[in-house]
A.B. asks: 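Structure below; questions to follow.
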Amino acid sequence: MASSALRLYNSLTRQVEPFVPQTPGEVRMYVCGVTVYDDCHLGHARSQMVFDTLHRYFRETGDRVRYVRNITDIDDKIIRKAREAGVPIGTITARYIDSFHRDMERLGILSPMAEPRATEFLGGMIALIERLLARGAAYQAGGDVYFRVRKFAGYGELSHQILEDLRSGARVEPGEAKEDPLDFVLWKGAKEGEPSYPSPFGAGRPGWHIECSAMSLHYLGPTLDLHGGGMDLLFPHHENERAQSEAATGVTFVRTWMHNGFVTTRETKMSKSLGNTRQIRSFFEESPYPEEVTREWLRYFFLSTHYRSPVDFTDQALSAAKLALDGLYQCRSLLEEQFGAFPGEGEADREFAPAFLEAFSADLDTPVALSVLHAAKSRINPWLAGGGAGTPPVDPRAIRSLFDLAGRTMGLLQVPSSRWVGGLRESGAPTGAGLSGEEIARLVDLRESARKNRDFREADAIRDRLKESGVVLEDQPGGPPRIRRI
RNA sequence: GGCGGCGUAGCCAAGCGGUAAGGCAGAGGUCUGCAAAACCUUUAUUCGGCGGUUCGAUCCCGCCCGCCGCCUCCA
């Protein structure tokens with residue numbers, strides 16, 4: 001059970017309001033996935049991570065989550081890319097679907113219940129368009145089918161746009177036969193050399209927005225508890241989805257609309273058209289750390305800013321995130337050394353967990369949740385630093401319980417601390433500078449002998465040498481030094 | 001032009017009517033052969049500026065300055 005009821009910011013009402021699913025104990029959640037024509041960048045990473053965190057929170061608090069995330073595998077950009085490469089679109093989409101899945105694995109994103117692809121749901125989309133035509137909410141013109149925006153009274157409510165303002169800025173492409181510039185396409189008539197599919201309105205392919213309406217209807221019914229995506233999907237994508245879904249079903253499409261803020265570089269939105277994106281793949285490949293470490297590093301970084309605020313992707317902030325996480329691992333490592341294991345698996349925690357979950361309840365305030373982790377660390381560390389004498393100031397089992405909770409909800413602290421802090425000893429893996437575990441062990445032994453002989457010059461020289469290779473030695477009283485990589 | 005967001009210590013970042021969380025960095029100290037790690041102490045009388053409402057405002061209102069986003073594909 002949650003320590004307190006979840007409250008979420010709803011883009012529709014522009015207010016933080018209690019989140020109450022229509023069926024108690026069950027959450028119907030739909031998040032916009034990606035269009036598979038390129039590798040995903042850090043903007044996609046943040047969005048997926050935000051909703052993954054929410055997904056995990058629902059699971060933690062005992063809700064069944066029916067989570068659907070779509071894949072757009074038919075679209076102008078895919079077609080263009082396939083044409084340029086001289087291959088069928090399936091070649092392009094297969095490649096980038098694999099890439100997307102690999103990225104989700106890198107980021108530690110839990111799988112959704114379903115991941116439908118647009119091309120698998122043509123039938124559902126066509127049925128929905130037929131319903132809209134039958135109700136007069138759509139019309140055929142010039143081989144296309146358009147949604148009649150002025151027939152939907154609530155148009156503009158979600159993005160808080162005034163119809164006339166939108167109309168003045170709207171464009172009509174040459175060849176389009178819209179009744180109104182704001183009308184958007186539901187079905188595009190086939191064009192020479194483009195993939196097309198048969199339909200009652202002629203061969204063609206679906207417009208962008210209709211897939212989400214059709215697929216969410218199929219999996220989750222006419223009313224979703226929650227629909228999420230990046231801020232940039234608010235208009236026109238979500239506005240259009242809402243219009244066509246509600247025009248077809250006559251009921252509320254989405255109870256809570258959530259939109260996450262952008263990832264920026266130099267305070268400018270990261271976007272493909274600006275050419276300032278950083279791919280998830282390249283971030284991982286260029287990371288000095290193993291994938292499991294890089295994963296949590298990135299998660300901590302993104303989760304340390306509230307999901308609705310922009311995050312500027314800077315080396316400084318990234319570095320601070322790594323060091324903060326290191327501190328948490330250090331604490332866990334000390335606990336394990338003290339007890340021979342991380343004590344108290346599964347113990348209930350009345351000390352920290354309620355505060356941690358309360359932060360989640362307050363519109364997913366992950367920065368505050370992270371601060372609870374540090375508060376716990378600061379409570380136990382003095383005792384650990386004193387060698388664990390006397391009664392601990394806080395039950396170590398509560399720390400374990402909290403850290404496990406952070407693992408389940410945020411995907412943090414999942415790496416064995418011995419490996420995070422001094423992994424070289426276990427893995428024998430080479431360091432960034434190419435020293436193998438064996439070489440390190442040999443140098444450490446050499447230094448220990450030098451120290452025994454009080455040849456501190458030699459000992460320090462070896463220590464410096466190791467440090468240049470990214471290996472820091474921490475001497476401990478009466479034992480071998482701790483080996484920590486930086 | 002229309003709509004919206006942001007501006008909190010050197011940096012990152014919560015709080016959003018009751019008197020400034022947390023992280024990183026910095027300073028001093030304990031420990032150490034020296035370090036490192038850890039620990040202790042310390043670092044914003046103040047929340048872009050000016051007015052207003054209030055017993056009380058970083059939080060509400062108005063104006064101004066600066067930055068950003070959406071309005072076209074975009075997480």
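Here is the naming used below: chain letters follow the sequence lines, and residue numbers restart at 1 for every chain. If you're wondering where the values come from, they're calculated on a predicted model, not measured in any experiment.
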A.B. asks: Taking the ring centre of each residue, are A:Tyr30 and A:Tyr67 less than 6.0 Å apart?
C.D. replies: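 No, the ring centres sit 6.0 Å or more apart.
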A.B. asks: Classify the angle between the aromatic ring planes of A:His209 and A:His237 as parallel (below 30°), tilted (30 to 60°) or perpendicular (above 60°).
C.D. replies: tilted
A.B. asks: Between the base of B:G33 and the side chain of A:Asp460, is one N or O donor paired with an acceptor at under 3.5 angstrom?
C.D. replies: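 By the distance-only test, yes, there is a pair.
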A.B. asks: State whether A:Tyr37 and A:Lys81 meet the cation-pi test: NZ (Lys) or CZ (Arg) under 6.0 Å from the six-membered ring centroid, and within 45° of the perpendicular axis.
C.D. replies: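 No - A:Lys81 does not lie over the ring of A:Tyr37 by the 6.0 Å and 45° rule.
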A.B. asks: To the nearest Å, how far apart are A:Phe302 CZ and B:G23 P?
C.D. replies: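 For the pair A:Phe302 CZ and B:G23 P, the rounded distance is 22 Å.
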A.B. asks: Does anything in residues 257-266 of chain A reach RNA chain B, meaning a heavy atom under 4.0 Å, and if so which residues?
C.D. replies: A:Asn260, A:Gly261, A:Phe262, A:Val263
A.B. asks: Parallel, tilted or perpendicular, judged at 30° and 60°: which one describes the rings of A:Trp297 and A:Tyr289?
C.D. replies: perpendicular
A.B. asks: Measuring only the P atom in each nucleotide, how far is B:C40 from B:C31? A whole number of Å is fine.
C.D. replies: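 The same atom, P, in both gives a distance of 16 Å.
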A.B. asks: Set out, in order, the CA-CA distance, both residues' side-chain angles and the distance that settles side-chain hydrogen bond (donor to acceptor under 3.5 Å, both in side chains) for A:Arg69 and A:Gln48, then state yes or no.
C.D. replies: CA-CA 10 Å; A:Arg69 180 179 66 204; A:Gln48 291 306 319; 3.2 Å; yes
A.B. asks: Give the nucleotide from the list B:C24, B:C73, B:A14 with an atom nearest to the side chain of A:Lys77.
C.D. replies: B:C73
A.B. asks: Atom CZ of A:Phe360 to atom P of B:A14: distance rounded to whole Å?
C.D. replies: 14 Å
A.B. asks: Who does B:A44 pair with, Watson-Crick or G-U, both distances under 3.5 Å?
C.D. replies: none
A.B. asks: Looking only at side-chain atoms of A:Asp365, point me to the closest of B:G22, B:C70, B:G15.
C.D. replies: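 Among the listed nucleotides, the one closest to the side chain of A:Asp365 is B:G15.
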A.B. asks: Across the strands shown, which category fits A:Leu370 at heavy-atom distances under 4.0 angstrom: base, sugar-phosphate, nothing?
C.D. replies: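 No contact.
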A.B. asks: Taking the ring centre of each residue, are A:Phe147 and A:Tyr155 less than 6.0 Å apart?
C.D. replies: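 Here the rings of A:Tyr155 and A:Phe147 have centres that are no less than 6.0 Å from each other.
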A.B. asks: Report, as a single string ordered 5' to 3', how protein heavy atoms within less than 4.0 Å touch nucleotides 35-42 of chain B: B base, S sugar-phosphate only, - not at all.
C.D. replies: BBSSSS--
A.B. asks: Taking a pair as Watson-Crick or G-U wobble with both distances under 3.5 Å, which nucleotide is matched to B:C24?
C.D. replies: B:G10
A.B. asks: Does B:A37 have a Watson-Crick or wobble partner in any strand here, with both distances under 3.5 angstrom, and which is it?
C.D. replies: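 Looking at the geometry, B:A37 pairs with no nucleotide.
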A.B. asks: Just compare B:A13, B:C3, B:A75 and give me whichever is closest to any side-chain atom of A:Gln161.
C.D. replies: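 Selected nucleotide: B:C3.
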A.B. asks: Given that both distances must come in under 3.5 Å, which nucleotide forms a Watson-Crick or G-U wobble pair with B:C50?
C.D. replies: B:G62
A.B. asks: Hey, would you say the A:Tyr96 and A:Phe100 ring centroids sit under 6.0 Å apart?
C.D. replies: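 Not close enough - the centres of the two rings lie 6.0 Å or further apart.
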A.B. asks: If we call it a pair only when both distances are under 3.5 Å in a Watson-Crick or G-U wobble match, what pairs with B:U19?
C.D. replies: none
A.B. asks: In the structure shown, which nucleotide is the Watson-Crick or G-U wobble counterpart of B:C70, with both distances under 3.5 Å?
C.D. replies: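 Answer to the pairing question: B:G2, which forms a Watson-Crick or G-U pair with B:C70.
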A.B. asks: Pairs under 3.5 angstrom, nitrogen or oxygen only, protein versus nucleotides 8-12 of chain B, please.
C.D. replies:
{"unit_1": "B:C11", "atom_1": "O2'", "unit_2": "A:Gln316", "atom_2": "OE1", "d": "3.0"}

A.B. asks: Distance only, no hydrogens: is a donor on one side chain within 3.5 Å (strictly under) of an acceptor on the other, for A:Tyr307 and A:Asp363?
C.D. replies: yes
A.B. asks: When rounded to the nearest Å, what value does the distance between C1' atoms of B:G17 and B:U58 take?
C.D. replies: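 Pairwise C1' distance, B:G17 against B:U58, rounds to 10 Å.
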A.B. asks: Expressed in whole Å, how much space separates the C1' atoms belonging to B:A13 and B:A44?
C.D. replies: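 About 14 Å, rounded to a whole number of Å.
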